[in-house]
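Here's the structure, in structure tokens; my notes come after.
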Amino acid sequence: MTVRRETFLDQVKERGRYDTVQEAERAARVVLALLGAHLVGEVRARLAARLPEGFALILLNPLQSAEPLSPERFVRATAAWIEGATERTAAWDVSAVLSTAADAAGDDLLKEVLLQLPAGYDLLFGRPRLT
């Protein structure tokens, strides 16, 4: 089932402790674009189907990545794409967005997502040892 846009952004805003929905949306756009570069095929399509339409399109039309990023490099890449972000604030951004995406995905799909990602992403999704 697809999560409503307002619900998704409200959850990201609350988890990221953002002052505005616009800040939450900015983080969601960057993190999902980076995540989309790491997922392929049916798994990416099924995750996109559970996200609000605008975010689904971002996941399906991702930034390009030459190689899978480790969790640490994923956070650094997020910091590079969000104006004024540091690695510390980017870790917060990643956690807020990916934990909300994990809730939308459910455990079964999230397990499949994690199989496509380097070790350590379970922590970024807020689901340690789910795999």
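Bear in mind the structure is a predicted one, so any value in this text is a computation, not a measurement.
Classified by interplanar angle (parallel below 30°, tilted 30° to 60°, perpendicular above 60°), the ring pair Phe55/Phe8 is tilted. Relative ring orientation between His38 and Tyr121 is described as tilted, the plane-to-plane angle lying within the 30° to 60° band.
Shown here for Gln11 and Thr100, the closest heavy-atom pair between the two residues is OE1-CG2, 3.3 Å. Shown here for Leu47 and Ala101, the closest heavy-atom pair between the two residues is CD1-O, 4.2 Å. Ala102 and Leu110 get closest at one heavy-atom pair: CB-CD2, 3.6 Å. Residues Ala85 and Ala79 share a closest heavy-atom pair of CB-O, 3.8 Å. Of all heavy-atom pairs spanning Pro118 and Leu69, the tightest one is CG-O, 3.4 Å.
To the nearest 0.5 Å, atom CZ of residue Arg4 and atom CG of residue Leu9 are 11.0 Å apart. Note: Glu42 CD to Glu112 CD = 7.0 Å, rounded to the nearest 0.5 Å.
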May I have the step-by-step check of side-chain contact (heavy atoms from CB on, under 4.5 Å) for Arg50 and Val3, ending in yes or no? CA-CA 6 Å; Arg50 304 227 181 144; Val3 176; 5.7 Å; no
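Side chains of Leu35 and Phe125 form a contact here, defined as non-hydrogen atoms less than 4.5 Å apart. Taking 4.5 Å as the limit, every side-chain heavy atom of Val31 sits out of range of all side-chain heavy atoms of Trp81. Using a 4.5 Å cut-off on side-chain heavy atoms (C-beta onward), Leu117 and Phe74 make no contact.
In terms of hydrophobic clustering, with Ile, Leu, Val, Met, Phe, Trp and Tyr side chains grouped at heavy-atom distances under 4.5 Å, Leu34 and Leu123 are assigned to different clusters. With hydrophobic clusters built from ILVMFWY side chains whose heavy atoms lie under 4.5 angstrom apart, Val43 does not share a cluster with Leu57. Under the 4.5 Å side-chain heavy-atom criterion for ILVMFWY residues, a single connected hydrophobic cluster contains both Leu109 and Leu114. The cluster map of Ile, Leu, Val, Met, Phe, Trp and Tyr, joined by side-chain heavy atoms under 4.5 Å apart, puts Leu39 and Leu60 in different clusters.
Scored by the side-chain contact (heavy atoms from CB on, under 4.5 Å) test, Thr2 finds no partners at all (sequence neighbours excluded). For Arg88, the side-chain contact (heavy atoms from CB on, under 4.5 Å) test picks out Thr86, with sequence neighbours left out.
In summary, Arg127 and Asp103 engage in a salt bridge, as defined by a charged side-chain N under 4.0 Å from a carboxylate O. Classification of Glu25 and Arg29 as a salt-bridged pair holds, one side-chain N sitting under 4.0 Å from a carboxylate O.
Judged by distance alone, the side chain of Arg15 and the main-chain N or O of Ser95 form no donor-acceptor pair under 3.5 Å. Judged purely by atom type and a 3.5 angstrom limit, Arg5 has no side-chain atom pairing as donor or acceptor with the backbone of Pro52.
For Glu53, the CD atom sits in a loose shell: 12 or fewer heavy atoms of surrounding residues, nucleotides or ligands are nearer than 6.0 Å.
With Val30 as reference, Ile82 is the one residue of Ile58, Ile82, Val97 to meet the side-chain contact (heavy atoms from CB on, under 4.5 Å) rule.
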